[in-house]
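Per chain, numbering begins at 1; letters A, B, ... match sequence-line order.
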Amino acid sequence: MKTKKTPLGSEGALFALYGELDAFTGPPLREELGEAVEQGARFLVLDMSQVEYMDSVGLGIIVGAVKRTREQQGNLAVVGPQANVLRVFEVSGTKDLLNVVRTLEEAKGRLKGLQIDDVEGQ
Amino acid sequence: MKTKKTPLGSEGALFALYGELDAFTGPPLREELGEAVEQGARFLVLDMSQVEYMDSVGLGIIVGAVKRTREQQGNLAVVGPQANVLRVFEVSGTKDLLNVVRTLEEAKGRLKGLQIDDVEGQ
Amino acid sequence: MSSLERDTVEMRIPCEPRFLSVVRLAVSGAAARAGLGISEVDDLKVATSEACTNVIEHAYPEGSAACGPIGIRMVVREGELRVEVEDQGVGFDPKRLPKVEPEERVMEEGGLGIYLMHNLMDEVKIESAPGSGTKVVLVKRAAR
Amino acid sequence: MSSLERDTVEMRIPCEPRFLSVVRLAVSGAAARAGLGISEVDDLKVATSEACTNVIEHAYPEGSAACGPIGIRMVVREGELRVEVEDQGVGFDPKRLPKVEPEERVMEEGGLGIYLMHNLMDEVKIESAPGSGTKVVLVKRAAR
Ligand SMILES: Nc1ncnc2c1ncn2[C@@H]1O[C@H](COP(=O)(O)OP(=O)(O)O)[C@@H](O)[C@H]1O
Ligand SMILES: Nc1ncnc2c1ncn2[C@@H]1O[C@H](COP(=O)(O)OP(=O)(O)O)[C@@H](O)[C@H]1O
């Protein structure tokens with residue numbers, strides 16, 4: 001799974017994810033998100049519009065990341081999943097918990113404490 | 001394989017083909033092209049821009065159709081195949097024989113005897 | 001192969017996550033031949049992947065070196081695909097799965113695989129017992 | 001499955017053209033895992049389909065009711081996919097294929113399958129003899 005990371009203010013990071021998210025591609029992503037939080041990004045936005053597949057392994061990784069951000073009084077949001085990926089969030093009852101929304105604007109709204117000013121330009 | 005047939009002048013027919021062309025989907029297409037020639041369409045144009053896959057079974061069917069049109073002093077052309085399908089025409093050395101071209105305009109140019117006037121509007 | 005099996009595709013993959021995508025592609029193809037629609041195919045991809053991932057993660061606790069192959073059978077009927085995922089691993093008692101709510105499971109970062117299968121498929125059957133391997137049967141039908 | 005086979009996906013399909021697309025999808029997935037590019041994957045889809053179509057059309061001349069299953073093995077290496085297509089049918093002598101030019105074959109509406117395999121693959125090996133079935137080995141490597 002390819003990823004592209006962009007800073008989001010001083011305490012946040014936007015990850016654009018590409019391809020399939022399963023037990024093969026998941027573990028390196030878990031590492032990457034964990035490191036980002038360790039390095040101070042307590043607000044994470046995952047752009048999942050280019051993710052073609054996700055199952056419970058992906059869910060588990062995202063849940064792990066949201067827990068880590070919240071330990072730092074931060075949070076996580078998921079932006080723009082395609083129909084098949086959205087269905088997995090919905091069926092698992094994790095859509096609200098994981099702040100699954102359609103636009104980056106909405107995601108910022110969900111991340112209370114994220115310094116919006118720094119982000120306006122994105 | 002889905003097909004869509006449009007008249008092309010009084011003695012021709014344009015077939016738009018959709019999907020995969022292999023030993024499963026080929027036989028009904030062979031029937032359909034054969035019938036068209038029998039019913040007087042001695043000029044055939046195959047729009048292959050929406051064909052996602054073709055192998056030697058498809059080649060055989062198109063060669064069969066070109067032979068039938070030529071028996072009636074007609075001809076056949078193939079328009080706009082995608083890279084993978086074009087490769088099969090090229091590797092098999094059938095690109096010229098089967099008048100594989102990029103546009104409907106070019107196809108008409110190859111079909112000497114097709115009454116272009118009737119076709120202008122297409 | 002008897003004539004009864006003219007509708008069955010069989011597959012065997014090594015017990016490794018890199019082959020999950022190959023299984024999903026084959027399942028997509030079989031589901032299309034069964035006449036299922038896009039969202040039904042998507043559901044089958046997830047459920048089949050969950051079953052195969054479980055073999056990789058749970059069937060051979062001694063470690064991946066001991067992990068045997070995963071058998072996948074796809075039975076293609078008009079309007080229905082049946083997928084069977086089989087291993088010769090340790091097995092488990094499906095009745096003794098912890099009964100927790102999905103919200104709780106989620107915060108445990110796991111335990112959602114079988115829950116998803118049930119919610120995405122028309123039928124799920126798990127044949128397993130400690131010591132004698134596991135067979136998961138998934139059935140998805142075309143909506144009318 | 002021995003550790004030697006940790007790179008091998010096996011498949012068995014009934015001898016019917018409707019399953020060709022399922023094989024192509026599985027081959028695409030395996031080829032992607034081997035690191036092959038899009039046009040290499042496309043070549044493998046054609047060559048594998050040709051081999052399977054030949055089983056359906058030639059291996060069981062008594063007719064399709066007698067037609068046994070088609071075995072497909074995909075061996076995934078870094079930068080290389082090897083596909084083996086096997087049947088238990090009548091077999092043939094690969095050395096006695098008619099030597100005609102592709103242009104002539106084309107006008108016969110057939111006889112291009114093996115020609116295409118040779119022109120699309122890096123290696124083609126046909127192991128066959130009258131009475132003892134056929135195994136076609138196709139190898140495609142990533143361009144450097
Ligand atoms: N093929 C299998 N072999 C052995 N145990 C299994 C198998 N599939 C599932 N299990 C057991 O069922 C439990 C629940 O599985 P699942 O709902 O997929 O959640 P998870 O895999 O995240 O634990 C697993 O933790 C495991 O104990
Ligand atoms: N699996 C097979 N079993 C028996 N005969 C085969 C098999 N594959 C190929 N052949 C023989 O090789 C010939 C050439 O095959 P091919 O080049 O694919 O062209 P075509 O299938 O159009 O005849 C076939 O006509 C057939 O006699």
Side-chain angles (χ1 to χ4, degrees), chain C residues 1-36 41 44-45 48-49 52 55-56 59-60 62-78 81 83-84 86-89, chain D residues 1-36 41 44-45 48-49 52 55-56 59-60 62-78 81 83-84 86-89:
Chain C
M1 189 177 279
S2 80
S3 64
L4 278 177
E5 290 170 329
R6 299 299 289 235
D7 53 7
T8 302
V9 172
E10 292 173 354
M11 216 170 163
R12 232 161 64 118
I13 62 163
C15 188
E16 294 189 10
R18 65 183 171 135
F19 296 110
L20 293 170
S21 59
V22 181
V23 174
R24 288 196 296 269
L25 282 163
V27 166
S28 308
R33 280 295 173 254
L36 302 194
V41 175
L44 271 162
K45 285 165 73 172
T48 306
S49 252
C52 292
V55 179
I56 297 170
Y60 299 88
E62 320 89 273
S64 69
C67 194
I70 309 177
I72 299 111
R73 278 164 55 92
M74 296 161 248
V75 185
V76 178
R77 303 260 164 78
E78 186 50 43
L81 187 71
V83 179
E84 303 177 359
E86 211 167 347
D87 67 66
Q88 319 299 326
Chain D
M1 190 178 275
S2 80
S3 65
L4 278 177
E5 291 169 329
R6 297 299 289 235
D7 54 7
T8 302
V9 171
E10 292 173 355
M11 216 169 162
R12 231 161 65 118
I13 62 163
C15 188
E16 294 189 11
R18 64 183 171 135
F19 295 111
L20 293 170
S21 59
V22 181
V23 174
R24 288 197 296 270
L25 281 164
V27 165
S28 309
R33 280 294 173 256
L36 303 194
V41 175
L44 271 163
K45 285 164 73 172
T48 305
S49 253
C52 292
V55 179
I56 297 169
Y60 299 88
E62 321 90 272
S64 68
C67 193
I70 310 176
I72 299 112
R73 278 165 54 94
M74 296 162 247
V75 185
V76 178
R77 304 260 164 79
E78 186 50 45
L81 188 71
V83 179
E84 304 178 0
E86 211 166 348
D87 68 66
Q88 319 298 325

What part of D:A32 gets closer than 4.5 Å to chain C, counting heavy atoms only: side chain, backbone, both or neither? neither
Name all residues meeting the side chain to side chain donor-acceptor pair (under 3.5 Å) criterion together with C:S49; count only those two or more places apart in sequence or in a different chain, and write none if there are none. A:Y53, C:R24
Restricting to non-hydrogen atoms, name the atom on C:T8 and the atom on D:P14 that form the minimum distance, rounded to 0.1 Å. O-CD, 3.2 Å
Chain C contact via D:R33 - which portion, at a heavy-atom distance below 4.5 Å: side chain
Drop me the distance from C:I13's CD1 to D:R6's CZ, to the nearest 0.5 angstrom. 10.5 Å
Does a side-chain heavy-atom distance below 4.5 Å link C:R18 with D:D7? yes
